[in-house]
Asker: 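One structure follows; several queries about it will come next.
In the text below, chain A, chain B and the rest are named by the order of the sequence lines, each starting its count at 1. Just so you know, these numbers come straight off a predicted model, no measurement behind them.
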Amino acid sequence: MTGVTEQTEYSADLAGVFVESVRNLGATVEVIKKSPETLCVSLQKATDGEQFVLLADPDFLEPELFDLFRQDKRVVSQPTKEQLSTIHAGVTDAFCGVASTGSVCVSVSKNLTSPASLLTRKHIAVVDAGTIVQRPRDVFSAGSFSMKNLNRSFSFITGPSATADMGPLVIGVHGPGELHIILLSGRDPHGV
Amino acid sequence: MGNINDYRIKPRQVADKAVQGALQEAIGLALDVETEALRHNTQTFNQNRYIAVQKIDDYEDLKQRARNIKEESIADLPDLIGTLTKTIEGRGGHVFLAKSRTEATGYITNVCLSHRARLVVKAKSITSEEIGLNHELENAGIEVAETDLAEFILQVSKEQPSHIVAPAIHRSRETISELFKRNFNTDLPLETGEELTRFARDILRKKFLSADIGITGANLIAADEGAILLVESEGNIRLTSQLPAVHIAVAGIEKIIRRTKDFGTFIELLAASGTGQSLTSYTSILEPPVELPVLNLNGRTDSKREFHLVLVDNGRMQMRDDEDLRETLFCIRCSACMNSCANFQAVGGHAFGGECYTGGIGGAWTLGTTGNIDKAKFAELCTGCSRCVPNCPVKIDIPGLNAVLKSRLMEHSGGPSFQQRFFSDFSKSADIAAMAPGLVNWISNLPPTRAIMEKVIHIDRRRKIPPFANRTLSKQYLQYRKADYPAQGGETTSSVVVFADVYTNFNNPGVGMSTVRVFDRFGIPVKLSRVFDDGRGAQSQGLLKDASKRAGELAPYLVDLIGGGDEIIVMEPSVLSMFRRDYRTLLSNEPQFERIAAHSFDPFEYLEKLTAEGHLEINRHLNITSWNTRHIFYHAHCQMKTIGAGNSAVDFFSRLRFTVDTSNVECCGMAGSFGYKKEYYGVSKRVGDDLIDQIKNALAADPAAVILASGTSCREQIRSELTVPVYHPMEFLEQLLA
Ligand code: SF4
């Protein structure tokens, strides 16, 4: 906590903890610079080999961020029922991340964020590093929760879906078996 | 060892413990075919919980906050129900307050019928089990698909849950695999966890995509925003609540709290206490009906989302008015009290549970929601070991509740049994026995006597009756002070009184004398108290009035000693736990309790305190180098761990450069009188297996290792299987004196 101004140092700290927590959950995470170009490259890599990709309109991030990726021919934004229940990969934004648990918070909104993060086998969540809070309970504190009236219904997503009901731990049950998180950083991501 | 899939009785047949013999049959079932899986699974949860709560840096504060929120919410419950109803109706949802189970199931069935539902997908909900929902829906011709994988297994096996969080915890992968192969006609491989999961998932995905209505429970409900909290790992709750246009949530009224932001206090506690995670995969906060457009993947043409909240009373308001049972309503159903319970680990919720509620807290829920105390008979499996107490996230005194249940069971059956009277009045029998201990010991272990004891007071004849000492502690002490070691002024300022509890006085005077002699040598002025029955025996049998009476008689004597500057040293951990925990309720005199609690110590706790304060230099009194091993295996008594005294002996001997290995079992299984009872002998032995195995391992590593245990009954349990010497740590310390 010395050197750089405390504010910046603190959030880099949070991002670092977040990244580690996500990895401990058996999910993957990358930190990239926040721009349509870098995001498009990352999303294309993360969805490599997928025939279709369900892209939910973002609830929180600027829609323009996804403009480049949306031009990818595999991207479906207005799915038919058939597509909704069969597409393997879903891309959504998340309105915040939680450092201590590696969770991302995904809205249940008028957009298809929730189904795209649930009906698919692979979920890719895009979250702004500036929204990371320390602990789950902080999402409910005045600063973050009431500020985003849009997101009154939401899910903390903490790793892929899992069960131990059949004996050993199995990853991938009713929800996705793979979770990839793209963390958008305003600064040089290598600093994180 | 049989196979659960073709065992002669099915769990459902023995679920209602009011039926004569059901509890015994259920214990048989559990020990025969469920115990392996149970033990492995509950102990894994238990260990993970200890790790998870350690990561919450303000765990104790957080628990207190959760407790406060629940206390306030239950106090304000009628008001909160009003606020909640207004909030949800204001958003276009529906709220139905069901007084009884039939009102609840009737309402839900009507909603389903009004939508011409043929298939309902359902997420795990104990409250729906409580009201018998599936049965009613099926009677109305509606198919119900349980979507939680454990519930799916139970739907196939036609069993009821054995655990409130992991309902199929009594089943191993092998028995599930066999069950599926018998029930489904498929060529798919069904061996590994992955294969079984994929198989069930594929069946359930089809159900999700064609279901008309989704029914969930709720972990908590917030009145201010009409928000519900749903905690899960599989994703089935999200699907159930969001795929069909109609979502019904059914929950007990006690789930309501005032503020959504207080969910923040509970979510980490719930995940850590339940499955030992920092958060489960999905923790959803919904304010239904949600804004998500109707997806109609089921082929319907529903135009808007519909939400029904069914709040179930079914006895809860009465529980709220019942001074003893009220605390039950704070329960957030995390299952920590099950996973941390040694008896539950051995027999699970089919034995230690009723038709839907399981474990230590299950008895109070069963009584509260059925009004039938006999159905709560399984509360007798709570030995009062208290290991659940520090692990309950809302700080419920679960053993205290079970003591109340035992007392009500007893009243209902027309007063205490011979057995209950025997254990409760042990001090009286001991007084008489002390006149001719040799004779009593001889007679009491004769086969005919054992047969009578087994018949009349149900003491299992396989248990050795702990012998009465030739000379009681008080006699030995008098003799010692007269002849061998007249009391002297000591080096330290404060003096101590060794409390002559009934067990130490009549059965284990050696332990008491060791303490006196060690303290003498350490220069700590020490006396012996009068012999007193502290009430533990009565309390453990559910004779609460007797226990209160005895506590009330003893308390002024102790307060007097303390007033005279003495500290109380207690040899028997269960007695120490009375002074530090149970007397709070038994005395109903807070200042008296606080005083006694603050001045009672385990001997090693006290020695550690003196050392820390710089009043004691133990090394110069001891000759340790002569001892033939540096290895100690120590089993801390269950209640001692709960009151925070479980580590003192470990710290003490570690400072003397012993390597101290500790058992990691929650309880030895003997638990005072429990292990002597014929009905529970098998459970007690099963629980003891873990401790015995650990001791065997320690002895395999070093055959000279010293085995120490603080509790009389723990030592008896160990001696019933092993022939090595087992000491109270004080007895061992005496041997180290220079
Ligand atoms: S009584 Fe406490 S520990 Fe047991 S399930 Fe309820 S909240 Fe959890």
Asker: Please look at Gln242(B) and chain A and tell me whether the side chain, the backbone, both or neither of the residue comes under 4.5 angstrom of a heavy atom of that chain.
Answerer: side chain
Asker: Chain A heavy atoms under 4.5 Å from Asn41(B): which part of the residue, side chain, backbone, both or neither?
Answerer: neither
Asker: Pick from Ser85(A), Ser114(A), Gly159(A), Ser100(A): which one has the most heavy-atom pairs with chain B under 4.5 Å?
Answerer: Ser114(A)
Asker: Can you name the nearest heavy-atom pair linking Gly264(B) to Phe140(A), along with the distance?
Answerer: CA-CD1, 3.6 Å
Asker: Side chain, backbone, both or neither: which part of Ala200(B) has an atom under 4.5 Å from a heavy atom of chain A?
Answerer: side chain
Asker: Output yes when a side-chain donor or acceptor of Ser153(A) lies under 3.5 Å from a complementary backbone atom of Glu287(B), and no otherwise.
Answerer: yes
Asker: Just so I know, are the side chains of Leu119(A) and Leu243(B) near enough to count as touching, which here means a heavy-atom distance under 4.5 Å?
Answerer: yes
Asker: Side chains of Ile267(B) and Phe156(A), heavy atoms from C-beta outward: is any pair under 4.5 Å?
Answerer: yes
Asker: In terms of heavy-atom pairs under 4.5 Å, which option from Gly175(A), Ala162(A), Gly167(A) contacts chain B the most?
Answerer: Ala162(A)
Asker: Say you draw a straight line from CD1 of Ile176(B) to CG of Asp165(A); how long is it, rounded to the nearest 0.5 Å?
Answerer: 7.5 Å
Asker: Checking Ala227(B) against chain A: side chain, backbone, both or neither under 4.5 Å from a heavy atom?
Answerer: neither
Asker: Does any non-hydrogen side-chain atom of Met166(A) lie less than 4.5 Å from one of Phe180(B)?
Answerer: yes
Asker: Do Glu234(B) and His174(A) have side-chain heavy atoms sitting under 4.5 Å apart?
Answerer: yes
Asker: Taking every non-hydrogen pair under 4.5 Å, which of Ala271(B), Gly299(B), Pro167(B), Pro293(B) racks up the most with chain A?
Answerer: Pro293(B)
Asker: With side chains defined as the heavy atoms from C-beta onward, is the minimum distance between Val173(A) and Leu149(B) less than 4.5 Å?
Answerer: yes
Asker: For Ile153(B), is it the side chain, the backbone, both, or neither that has a heavy atom closer than 4.5 Å to a heavy atom of chain A?
Answerer: side chain
Asker: Side chain, backbone, both or neither: which part of Leu84(A) has a non-hydrogen atom closer than 4.5 Å to chain B?
Answerer: side chain
Asker: Please classify the contact of Ser117(A) with chain B as side chain, backbone, both or neither, using a heavy-atom distance under 4.5 Å.
Answerer: both
Asker: Are the charged groups of Lys110(A) and Glu291(B) less than 4.0 angstrom apart, N to O?
Answerer: no
Asker: Given a strict heavy-atom distance threshold of 4.5 Å, which part of Leu62(B) is in contact with chain A: side chain, backbone, both, or neither?
Answerer: side chain
Asker: To the closest 0.5 Å, what do you measure between CG (Leu279(B)) and OG (Ser103(A))?
Answerer: 4.5 Å
Asker: With chain A as the partner, which of Arg198(B), Gln277(B), Glu194(B) has the greatest number of non-hydrogen pairs under 4.5 Å?
Answerer: Glu194(B)
Asker: Could you look at Asp57(B) and say if it's the side chain, the backbone, both or neither that has a heavy atom under 4.5 Å from chain A?
Answerer: side chain
Asker: Side chain, backbone, both or neither: which part of Pro160(A) has a non-hydrogen atom closer than 4.5 Å to chain B?
Answerer: backbone
Asker: Given Arg137(A), which partner from the list Asp58(B), Asp61(B), Asp262(B) fulfils the salt bridge (Lys or Arg N to Asp or Glu O under 4.0 Å) test?
Answerer: Asp58(B)
Asker: Check whether Arg205(B) gets within reach of chain A through its side chain, its backbone, both or neither, counting any heavy atom under 4.5 Å.
Answerer: side chain
Asker: What closest approach, in Å, do Ser161(A) and Ser281(B) show between heavy atoms, and which atom pair accounts for it?
Answerer: CA-OG, 4.0 Å
Asker: Under a 4.5 Å heavy-atom cut-off, does chain A meet the side chain of Phe266(B), its backbone, both or neither?
Answerer: neither
Asker: Any side-chain heavy-atom pair from Ser284(B) and Phe154(A) closer than 4.5 angstrom?
Answerer: no
Asker: What part of Pro136(A) is in contact with chain B, defined as an atom under 4.5 angstrom from a non-hydrogen atom: side chain, backbone, both or neither?
Answerer: both
Asker: For Glu20(A), does the CD atom have more than 12 heavy-atom neighbours from other residues, nucleotides or ligands under 6.0 Å away?
Answerer: no
Asker: Quick check: do Ser141(A) and Lys261(B) have side-chain heavy atoms less than 4.5 Å from each other?
Answerer: no
Asker: If you tally heavy-atom pairs under 4.5 Å against chain B, which of Thr101(A), Leu118(A), Thr163(A), Ile157(A) wins?
Answerer: Leu118(A)
Asker: Show your working on salt bridge (charged side-chain N to carboxylate O under 4.0 Å, His left out) between Glu268(B) and Arg135(A) and close with a plain yes or no.
Answerer: CA-CA 9 Å; Glu268(B) 289 162 68; Arg135(A) 298 187 283 204; 5.1 Å; no
Asker: Can you confirm whether Lys81(A) is buried at NZ, in the sense that more than 12 heavy atoms of other residues, nucleotides or ligands lie under 6.0 Å from that atom?
Answerer: yes
Asker: Name the member of Ile228(B), Leu196(B), Thr197(B), Thr265(B) that forms the most heavy-atom pairs with chain A at distances under 4.5 Å.
Answerer: Thr197(B)
Asker: With heavy-atom distances below 4.5 Å as the criterion, would you say the side chains of Leu295(B) and Pro115(A) are in contact?
Answerer: yes
Asker: By a 4.5 Å heavy-atom criterion (distance strictly below it), what part of Leu286(B) contacts chain A: side chain, backbone, both, or neither?
Answerer: both
Asker: Of the backbone (N, CA, C, O) and the side chain (C-beta and beyond), which part of Thr280(B) lies under 4.5 Å from a heavy atom of chain A, both, or neither?
Answerer: backbone
